[in-house]
Amino acid sequence: MAGLHNNMTTLTPPRWLLAELTYACPLQCPYCSNPVDYAHYKTELSTDDWKRVLTQARQMGAVQLGLSGGEPLTRQDLPELVQHARALGYYSNLITSGYGMTEAKIIELKAAGLDHIQVSIQASNQQLNDHIAGTESFVHKKQVAHWVKQHGYPMVLCVVLHRDNIGQMADILAMAEELGADYLELANTQYYGWAHLNRDLLLPTKAQFEQAEAIAQAYKEKVAGKMKIYYVVPDFYEDRPKACMNGWGSTFLTIAPDGTALPCHSARQLPGLDCPNVNDYSIAEIWNDSKAFNFFRGDDWMKEPCRSCDEKAKDFGGCRCQAYLLTGDLYATDPVCSKSTQRGVIRQAIESAQQCVGSGTEKPLVFRNNKNSKALSSPI
Amino acid sequence: MSLNPDQPIKFSPTHRLQWEEAQQKFVILYPEGLVELNQSSAEILKCCDGTLALAQIIATLEEKFATRGLADDITAFLEVALHNGWIAQ
């Protein structure tokens with residue numbers, strides 16, 4: 001592979017491996033971060049392929065492992081992969097909807113060495129949860145949360161926030177406390193993939209954000225020492241971009257179900273990256289030498305205003321996927337930044353979403369499922 | 001929430017303390033997070049085995065490193081560790 005160490009950036013080893021085991025999922029969340037065209041990627045790595053990937057990434061220094069998807073529980077070899085990961089010394093995190101989880105499976109995974117289970121819940125009440133998930137799942141999710149706790153795992157509850165559930169903040173917090181969550185991840189929707197498609201229907205107003213955040217912050221103090229609250233900020237209402245992936249190719253390595261290695265889980269949509277596949281290259285070759293992982297390392301790629309910005313080492317120019325999605329230019333400053341000349345696209349997105357509220361012209365949410373994926377994209 | 005000097009201190013059952021060869025460092029692992037430890041922090045945490053209380057941990061480390069006067073630093077670090085949920089009593 002062509003080496004592209006273009007600006008003498010110090011290469012750091014991967015710390016975080018996100019293993020997207022499958023795109024199969026019984027849920028249909030309309031903000032799913034999987035690519036809109038996921039249904040066209042039919043091949044999945046074998047058990048042996050995944051074991052090789054885990055081994056190679058661990059040798060390079062990866063230690064946090066996210067087992068994700070789709071719904072990772074649909075992989076029958078999950079306990080075997082967990083066992084392999086544990087033997088290598090990973091701290092393994094199962095990121096699941098809880099759908100299909102049984103108490104026996106929770107016990108089996110614990111014995112295999114799984115460290116933690118993160119259960120997503122879509123809302124604080126059954127009606128909205130089941131509507132957003134596109135599947136009747138609320139009652140079972142709460143049961144799974146109880147089992148997770150009962151069997152000694154640290155319990156992380158994840159709630160993705162958007163216009164329809166952000167008003168439930170107080171109830172969501174109470175539910176997390178009642179379920180005994182050790183961690184509550186309140187993740188404002190990030191507008192990629194399916195969420196980008198549904199943005200007009202998902203993006204809350206600034207007033208909704210501020211109210212929800214104030215409630216969450218106050219609660220944080222109330223439950224200090226008992227429950228940790230992670231609040232993923234909604235960057236459309238910030239004036240500086242997020243330090244995406246802690247810097248491109250610096251910390252995070254995502255492997256998609258078909259073995260494509262990605263510097264971030266959305267990077268598949270960026271043109272010209274030629275993302276390598278673990279069937280063709282070792283993790284070391286991919287991390288150190290591939291075009292994709294070197295593409296935005298360092299700051300030589302930056303344009304103004306990033307290039308001369310004194311904050312460029314802090315936020316790395318923001319998110320490349322967001323820049324591309326909203327400006328059409330993958331080298332542009334993330335338009336969330338108030339220094340961006342294209343900040344107007346964020347303003348327009350906010351206005352467009354607000355006009356959609358109660359206008360009577362609301363189009364329905366596009367749910368994430370095979371039928372919609374195929375209808376919305378052409379074969380690859 | 002602060003340290004009870006009479007109670008033994010144990011490392012949190014929901015965190016993991018582990019040597020990382022690639023980093024040549026001890027780290028604390030927990031859901032979606034990692035803290036890199038310097039040598040002295042790691043030495044203190046290794047003493048949190050659920051049998052030793054604060055004064056015994058101080059004595060153990062002062063003996064191990066043949067030094068005195070570690071009490072303030074160790075106590076301050078353990079207060080932080082307790083606050084972060086890395087240890088429990």
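Naming: A, B, ... by sequence-line order, numbering from 1 per chain.
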Within-4.5 Å side-chain heavy-atom neighbours: A:Tyr153 and B:Pro31 = no
I'd like to know whether [atom1] of [X] has more than 12 heavy-atom contacts from other residues, nucleotides or ligands below 6.0 angstrom.
X	atom1	answer
B:Asn38	CG	yes
B:Gln24	CD	yes
A:Tyr99	OH	no

Can you tell me how far the CD atom of B:Glu32 sits from the NE2 atom of A:His116, to the nearest 0.5 Å?
->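 Answer rounded to 0.5 Å: 5.0 Å.
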Atom NZ of A:Lys228 and atom OH of B:Tyr30: how far apart are they, to the nearest 0.5 Å?
->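 A:Lys228 atom NZ to B:Tyr30 atom OH measures 7.0 Å (nearest 0.5 Å).
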Salt bridge between A:Arg15 and B:Glu20, side-chain N to carboxylate O under 4.0 Å?
->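 So A:Arg15 does not pair with B:Glu20 through a salt bridge.
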Could you have a look at A:Gly89, A:Gly61, A:Gly152, A:Pro13 and say which one has the most heavy-atom pairs with chain B under 4.5 angstrom?
-> A:Gly89
Options A:Asp182, A:Val156, A:Ile117, A:Asp115, ranked by heavy-atom pairs under 4.5 Å with chain B, top entry = A:Asp115
With a 4.5 angstrom heavy-atom cut-off, could you sort out which part of B:Gln18 is near chain A: side chain, backbone, both or neither?
-> side chain
Check each of B:Leu29, B:Ile28, B:Val27 against A:Tyr91 using the side-chain contact (heavy atoms from CB on, under 4.5 Å) test, and report the only one that passes.
->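 Exactly one pass, corresponding to B:Leu29.
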